[in-house]
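The chains referred to below are lettered A, B, ... by the order of the sequence lines, with proteins before strands, and numbering in each begins at 1.
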Amino acid sequence: MRGFLRRFKVWLIILGVLAAVWFCLLGLHSAVGSVKNGRRQNTECTTKERVFDEAEVLTEKEEEKLRKLIAKRERQTGCDIVLVTLNESLREYAYAQKEYITEDKYVMLYADDFYDEHLFGYDKPYGNGVLLLDNLYREDDGWAYSWLCTTGKAEGKYSSRMIDHLLEKSYRWSKVSPYFGYRAYINQFYHDMNGFGAVNVNFSVPFLFLASFVISVGFVVTNRGGRAGDKTTDARTYVKGGKVKVNHREDQFLRKSVAQHRIQNNSGGSSGSRGGGGHHVSSGGRSHGGGGHRH
Amino acid sequence: MIYKCKNCGGNVVYHPDKKKMYCPHCEAVDSEEEVPSSVTECANCGAPVEVSRYTSACKCEHCGSYMILEERVAGELTPHLILPFQISKEKAVKLLEKEFQSRYFTPGTFLSAATLTGMEGIYVPFFLYGYLGTFDYAGTGTKVRSWRRGNTEYVETSWFRVERNLDIDFDRIPVDASIDMNNDMMDLLEPFDSGALESFQKKYMSGFEGEMYSEGLMSLEHRAQEKARRDAEELLRDTISGYTSLHADRKHLNLQRQTAEYALLPVWVYYYSYHGQKYTYYVNGQSGKVLGKTPVSKGKMFAYGASLWGFLFTCMVFVKMILEVL
């Protein structure tokens, strides 16, 4: 056991440091949240509800848990946090507003309007907040779309990379259960708002699991003791002074040729792809940011 | 012959730590005198001594005295150089233990359960070859550069004439001249510090075993040349860089032998027995480098592998979580 501890001392230290950093960050976010934001100022908002589970993918108990979490995270971020689930085509809805529109933007229109109609916003109507619209319905092109609508300071904070990351993470968790997916959305939003927005990584946990396994196997194989020892001489060990005398050195250019060819643009679909979507003005004339995800 | 203490008559040996002749019986230093003896019996106790064909120094099995077979290190057989032992017996054991502990999958019981069945400090015969190498090289190299403009990719290939002429001064490339010693092991024991070599004095052999060369200078030279050739190739490559591909048109290494010396180099050999298996270890008597395979514990291998996996995975997940909330 003592030998084991000695061997893994470094790992234990690294783990301890990482854990400390993690908890410091959590503490920092919580502290930032409680100091920065005052009480909710928006009195015109038409509803107290935040979880609109039209598709009925959540149980009563789960909804209640999400409402509680949202209430806490709203105070910590100073943003309204809204969740809408749907299971219907938004084609008609979208075409009623615009003549020409692609499938991935149906959700954008609906999400923006939903936010505006309820006068969401922590500080004022159409103010700080975020809304996740998750439509389970597969539109004509066979994809199911979701949209993250950001407004106010959330719009300012969120780059499209951060939006992609949040939606990707939420989608990955939703494979476990929709509840986990929506919880990941709320928590990630909280961390993004109180963090530096510096790095967002998209390594999946199974990938890390596999990568660490491969490294461990590599370690076992290289240390399994098949060798008597390592070579400790190099090319200069027996060279006097370790130096080579270069009598003649020539690198003379002879000729050159240039070949060119056209690059084929290859395109291929993937099971889950991300849509872009930056800042725009909603039909109600309000500014929103956002981005989509399809699967 | 044998070195005896002028004060007490005990067997005086060379002490690697003190770097002096030392009498273990009365602790006197430099108190030795030479006492001649025959090849067949011990000069101390008179017991018959059996020596193999190439032994030049040995230990009497009865009284433990160290004898040197003078005629095997004299005349034509006189070594030019000797590298006195710098690592003592005690230090060698410590180095071995440290090495066993540092090996990940060596069973924890190996140190306590393995029995030392024998050990020898041996002066192993080596030939040291010196060469003046002249490397002449001419070839064609290409450099490839590519870039994009719009939908078109351009690949530019440039050809160069590459010429090199190098002088490489190889000094004292060692090749072991003992039939009994494993060549690969002796190669792995390198390097020996050639700066620590001294002119041969037979007193350094007292307290150790020794061998004289059993293979000739000429018949072993190909091994030294092979080493020189391999090193020269690498040194040549070091001077040619930046090419994507290289094709040799002319490549010639001329090795001109400058020196060839007969030297005795110090090696500790330890024999262990563990669960009925025999294990042999070599310790470089000058640098302390340890060689030899140790048994592998499957349980330990599994436990360490799994723990590493666990640690790595947890650390990665933490890093991921930290990066996500930064």
Side-chain angles (χ1 to χ4, degrees), chain A residues 3-4 7-8 11 14-15 18-19 21-22 25 29 169 188 191 195-196 198-201 203 205 208-209 211-213 215-217 219-220 223-229 231-233 235-240 244-263, chain B residues 103-106 108 141 148 151-173 185 188 190-191 227 231 234-235 238-239 289-294 296 301 303-305 307-309 311-326:
Chain A
F4 180 87
R7 287 250 185 260
F8 287 103
W11 282 105
I14 293 175
L15 205 58
L18 286 174
V21 170
W22 166 246
L25 273 173
H29 286 185
K169 189 177 176 185
Q188 187 60 45
H191 288 304
F196 309 105
V199 208
N200 282 317
V201 285
F203 290 122
V205 171
L208 298 180
F209 196 68
S212 50
F213 179 75
I215 295 172
S216 307
V217 168
F219 163 79
V220 168
N223 284 287
R224 77 179 184 284
R227 290 165 309 143
K231 190 174 175 236
T232 44
T233 54
R236 287 168 203 278
T237 304
Y238 299 112
V239 176
K240 226 178 216 169
V244 173
K245 197 174 148 228
V246 182
N247 299 320
H248 173 64
R249 180 186 200 123
E250 191 178 309
D251 296 90
Q252 194 196 353
F253 174 74
L254 297 176
R255 63 184 188 277
K256 74 172 165 188
S257 74
V258 180
Q260 61 182 72
H261 67 271
R262 289 186 73 75
I263 303 160
Chain B
R103 290 191 182 179
Y104 285 97
F105 307 135
T106 305
R148 275 177 165 209
N151 266 344
T152 312
E153 186 176 28
Y154 297 85
V155 180
E156 179 195 88
T157 311
S158 310
W159 278 268
F160 291 85
R161 173 100 187 135
V162 183
E163 287 184 10
R164 294 288 184 275
N165 188 285
L166 310 177
D167 278 350
I168 309 172
D169 201 351
F170 285 110
D171 191 31
R172 290 179 171 165
I173 299 176
M185 284 294 171
L188 271 179
E190 292 172 26
K227 287 184 184 186
D231 289 352
E234 200 177 320
L235 293 166
D238 285 354
T239 67
K289 179 177 178 180
V290 176
L291 282 188
K293 289 180 186 175
T294 36
V296 169
M301 205 157 97
Y304 277 17
S307 307
L308 182 69
W309 185 14
F311 275 118
L312 260 178
F313 177 62
T314 325
C315 286
M316 283 179 175
V317 168
F318 260 119
V319 169
K320 174 185 149 77
M321 294 197 307
I322 288 168
L323 291 180
E324 276 189 337
V325 303
L326 257 181

Comparing D167(B), T152(B), D171(B), I173(B) against chain A, the one with the most heavy-atom pairs below 4.5 Å turns out to be D167(B)
Does any heavy atom of chain A fall under 4.5 Å from the side chain of R164(B), the backbone, both, or neither of them? both
Between T237(A) and chain B, with a heavy-atom cut-off of 4.5 Å, which part of the residue counts as in contact: side chain, backbone, both or neither? side chain
Kindly give the heavy-atom pair with the smallest separation between F8(A) and Y304(B), and that separation in Å. CZ-O, 3.7 Å
Where is the tightest heavy-atom contact between W11(A) and L312(B), given as atom of each residue plus distance? CH2-CD2, 3.4 Å
When heavy-atom pairs shorter than 4.5 Å are enumerated against chain A, which of E153(B), M316(B), E234(B) gives the highest number? E153(B)
Would S257(A) and W159(B) satisfy side chain to side chain contact (heavy atoms under 4.5 Å, CB included), going step by step from the backbone distance to the final call? CA-CA 9 Å; S257(A) 74; W159(B) 278 268; 3.7 Å; yes
Flag, side chain of W309(B) to backbone of F209(A), donor-acceptor distance under 3.5 Å: yes
Could you please spell out the steps behind the side chain to side chain contact (heavy atoms under 4.5 Å, CB included) verdict for F170(B) and V239(A)? CA-CA 5 Å; F170(B) 285 110; V239(A) 176; 3.8 Å; yes
Chain B heavy atoms under 4.5 Å from L25(A): which part of the residue, side chain, backbone, both or neither? side chain
Highest number of heavy-atom pairs under 4.5 Å with chain A among T314(B), T239(B), T106(B), V319(B) belongs to T239(B)
Please classify the contact of K227(B) with chain A as side chain, backbone, both or neither, using a heavy-atom distance under 4.5 Å. neither
Mind listing the closest non-hydrogen atom pair of D231(B) and Y238(A) along with its distance? OD2-CD1, 4.5 Å
With a 4.5 angstrom heavy-atom cut-off, could you sort out which part of Y154(B) is near chain A: side chain, backbone, both or neither? both
Contact leader toward chain B among V258(A), I215(A), V246(A), L254(A), where contacts are heavy-atom pairs under 4.5 Å: L254(A)
Looking only at G141(B), G305(B), S307(B), the option with the highest number of non-hydrogen pairs under 4.5 Å against chain A is S307(B)
Of all heavy-atom pairs linking C315(B) and I14(A), the shortest is SG-CG2, 3.9 Å
F160(B) CZ to E250(A) CD distance, which is reported to the nearest 0.5 Å: 12.0 Å
Can you say whether the rings of W22(A) and F318(B) are parallel (under 30°), tilted (30 to 60°) or perpendicular (over 60°)? perpendicular
Among I168(B), L235(B), L188(B), V162(B), which residue forms the greatest number of heavy-atom pairs with chain A at distances under 4.5 Å? L235(B)
Might you point out which heavy atoms bring E190(B) and T232(A) nearest each other, and give the distance in Å? O-OG1, 2.8 Å
In Å, rounded to the nearest 0.5 Å, how long is the span from CG of N151(B) to CD of Q260(A)? 12.5 Å
Residue, of K320(B), M185(B), M301(B), that accumulates the most heavy atom pairs under 4.5 Å with chain A: K320(B)
Derivation of the ring-ring contact (aromatic ring centres under 6.0 Å, His included) call for F313(B) and F213(A): CA-CA 8 Å; F313(B) 177 62; F213(A) 179 75; over 10 Å; no
Between K231(A), K240(A), H248(A), which shows the greatest number of heavy-atom pairs under 4.5 Å with chain B? H248(A)
